[in-house]
Amino acid sequence: MQSKKQKSIKMSNKFKNHKTMRNTILTSLLLAAILIGCSDKNQGQAAPPPPTLPVYAIQSATTTTDSEYPASIQGTVDVEIRPQVSGNLEKIYVDEGAFVTKGQPLFKINEQPFREQLNNALASLHGAEAALINAQLEIDKLTPLVQNKVVSEYQLKTAKASHRIASANLDQAKAMVGSAKINLGYTTITAPVSGYIGRLPKKQGSLVSATDIEPLTKLSDVHEVYAYFSLGETDFINFKAQYSGNTIDDKIKKLPPVSLVLADNNVYAQTGKIDMVDGQFDKNTGAITLRATFPNANGTLRSGNTGRIRLGIQHDDAILVPQSATMEMQDKVFVFTVNKENKVTKAPITIIGKSGSNYLIKDGVKSGDQIVLSGIDKLQEGQAIQPEKSNKIAQVINKK
């Protein structure tokens with residue numbers, strides 16, 4: 001027979017086993033409930049629908065692209081004003097930047113030495129005139145004497161030779177007077193054309209000479225200005241191919257107006273006309289120079305200005321893609337194309353120009369391809385979308 005103590009221990013172990021089993025069952029039920037709850041939660045969160053994005057079917061069209069070329073601007077006449085005689089600069093009649101008209105006095109060189117040269121030349125002229133008269137009197141005196149054989153014919157011939165010498169001396173004296181008058185006239189320097197005065201490096205009282213390296217000033221006639229720009233060989237070939245004509249002159253006549261973009265990126269109000277193509281390419285740069293003429297009645301442009309010539313080139317059957325539909329990564333430009341399953345693919349494109357807010361595409365997409373217009377920054381390769389096609393979208397693209 002078991003003792004009471006043994007019975008007590010046996011019942012205690014039985015109770016502990018029962019309690020452990022109960023805890024195990026409760027734990028299993030709790031884990032099952034958690035798993036069922038998680039499963040129900042996952043089933044409740046269905047996969048999100050594909051994003052709805054605007055899609056556009058690319059169409060070829062005729063368009064014009066704008067290309068810009070650096071340009072330097074000059075007046076139609078840019079002249080250096082230099083003295084033609086030496087002397088002290090006595091007066092300066094104009095200020096820097098002033099507008100002057102043709103023939104207006106600009107500078108005055110001390111004229112006294114040149115006036116005295118003129119007086120000396122006039123004196124020589126008067127002497128030569130008197131000598132000629134004297135030689136003629138000698139001929140008049142000897143002529144009847146020779147006829148009457150009072151004197152020899154030799155004396156008359158000598159008198160006639162002296163007359164020729166006196167006549168030549170008179171011509172020389174007249175030339176000296178003319179030269180002295182010209183030099184005296186050079187002491188007043190006038191404007192050869194109407195235009196704007198440049199810097200005045202010489203001040204009143206300075207000694208000036210025709211051999212000075214630096215001019216007295218520069219004068220620019222800018223009622224019209226020339227904008228010179230250059231085209232590379234390939235650009236020039238494409239440029240010529242746009243217009244009909246057998247010669248460059250024929251093509252120039254058919255060129256459309258061009259625009260001038262100023263240094264502040266504003267477009268000059270007046271359009272210009274290309275009127276000159278250089279006769280040859282520059283061997284150093286491989287480019288050829290063209291000239292466009294712009295009206296400048298208000299004097300807005302000055303010689304020395306810089307800018308960019310905006311040249312429009314027409315393209316037939318061009319592929320256009322809105323800039324907003326592109327993204328740039330690692331110096332490459334991409335668009336997202338949409339296939340028949342409405343999945344997107346990132347495609348690299350080659351850009352050859354710009355027309356308004358559209359890119360002109362050479363490679364990467366073709367007419368008929370569908371591309372995503374916006375919201376491409378969050379798209380991933382192979383992602384499905386819900387295309388949104390709208391006539392309004394197409395109209396906006398076509399207007400651009």
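The first residue in the sequence is number 1, and the count goes up from there.
Scanning all heavy atoms of the two residues, the minimum distance from Leu360 to Ala318 falls at CD1-CB, 3.1 Å. Here the closest heavy-atom approach between residue Asn110 and residue Thr187 is recorded as O-CG2, 4.2 Å. Summarising the geometry of Asp78 relative to Gly75, their closest heavy-atom pair is OD2-N, 3.2 Å, with the distance given to 0.1 Å. Contact record, Pro105 with Thr190: CA-CG2, 4.0 Å, taken as the closest heavy-atom pair. Between Ile376 and Ala325 the shortest heavy-atom distance is CD1-O, 3.5 Å.
Side-chain contact between Val372 and Val335 is absent, with no heavy atoms from C-beta onward closer than 4.5 Å. Within the 4.5 Å cutoff, the side chain of Ile288 has no heavy atoms near those of the Asp282 side chain. For the pair Val321 and Ile58, the minimum side-chain heavy-atom distance is below 4.5 Å.
The environment of Lys181 atom NZ is sparse: at most 12 non-hydrogen atoms of other residues, nucleotides or ligands sit within 6.0 angstrom. With a 6.0 Å radius and a threshold of 12 heavy atoms from other residues, nucleotides or ligands, Glu381 has its CD atom above the threshold. No more than 12 heavy-atom neighbours from other residues, nucleotides or ligands sit within 6.0 angstrom of CG on Asp331. Around atom NZ of Lys218, no more than 12 heavy atoms belonging to other residues, nucleotides or ligands sit under 6.0 Å away. Crowding of Glu153 atom CD: a count of heavy atoms from other residues, nucleotides or ligands under 6.0 Å not exceeding 12. Residue Gln172 qualifies as open at atom CD: its count of foreign heavy atoms under 6.0 Å is 12 or below.
Evaluation of the side chain to side chain contact (heavy atoms under 4.5 Å, CB included) rule for Gln370 yields Val55, Ala57, Val338, Lys389 as partners, not counting sequence neighbours. Applying the side-chain hydrogen bond (donor to acceptor under 3.5 Å, both in side chains) test to Asp221 and every residue at least two apart in sequence or in another chain returns His223. By the side-chain hydrogen bond (donor to acceptor under 3.5 Å, both in side chains) test, Lys149 pairs with no residue at all, sequence neighbours left out. Listed by chain and residue number, Arg82 satisfy the side-chain hydrogen bond (donor to acceptor under 3.5 Å, both in side chains) test with Glu80 (two or more places apart in sequence, or in another chain).
Of the possible donor and acceptor atoms, one in the side chain of Asn169 sits under 3.5 Å from a partner among the backbone N and O of Ile165.
Among Val267, Leu301, Thr306, the one residue that satisfies the side chain to side chain contact (heavy atoms under 4.5 Å, CB included) test with Leu262 is Leu301.
Identified under the salt bridge (Lys or Arg N to Asp or Glu O under 4.0 Å) test for residues 291-303, with sequence neighbours left out: Asp275-Arg291.
A salt bridge links Arg310 with Glu68: the distance from a Lys NZ or Arg NE/NH1/NH2 to an Asp or Glu carboxylate oxygen falls below 4.0 Å. A salt bridge does not link Lys108 with Glu90: none of the charged nitrogens is closer than 4.0 Å to a carboxylate oxygen.
No hydrogens or angles considered: nothing links the side chains of Ser194 and Lys102 as a donor-acceptor pair under 3.5 Å. Side-chain contact, Gln136 with His163: a donor N or O sits under 3.5 Å from an acceptor N or O. Ser209 and Asp212 share no side-chain donor-acceptor pair at under 3.5 Å.
Atom CZ of Phe107 and atom OG1 of Thr217 lie 5.5 Å apart (nearest 0.5 Å).
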Query - Intermediate values then yes/no, side-chain hydrogen bond (donor to acceptor under 3.5 Å, both in side chains), Asp369 and Thr337 - result: CA-CA 7 Å; Asp369 288 348; Thr337 60; over 6 Å; no

Requested in this report: With salt bridge (charged side-chain N to carboxylate O under 4.0 Å, His left out) as the test, would you mind laying out the steps for Glu96 and Arg199 before giving the verdict?
Outcome: CA-CA 5 Å; Glu96 294 174 336; Arg199 295 288 304 277; 3.4 Å; yes

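Through direct or relayed side-chain contacts under 4.5 Å between Ile, Leu, Val, Met, Phe, Trp and Tyr, Tyr228 connects to Tyr226, Met276.
Connection of Leu145 to Leu137 is not established within any shared hydrophobic cluster, with ILVMFWY side chains joined at heavy-atom distances below 4.5 Å, either directly or through further cluster members.
Aromatic ring centres of Phe281 and Phe236: separated by under 6.0 Å.
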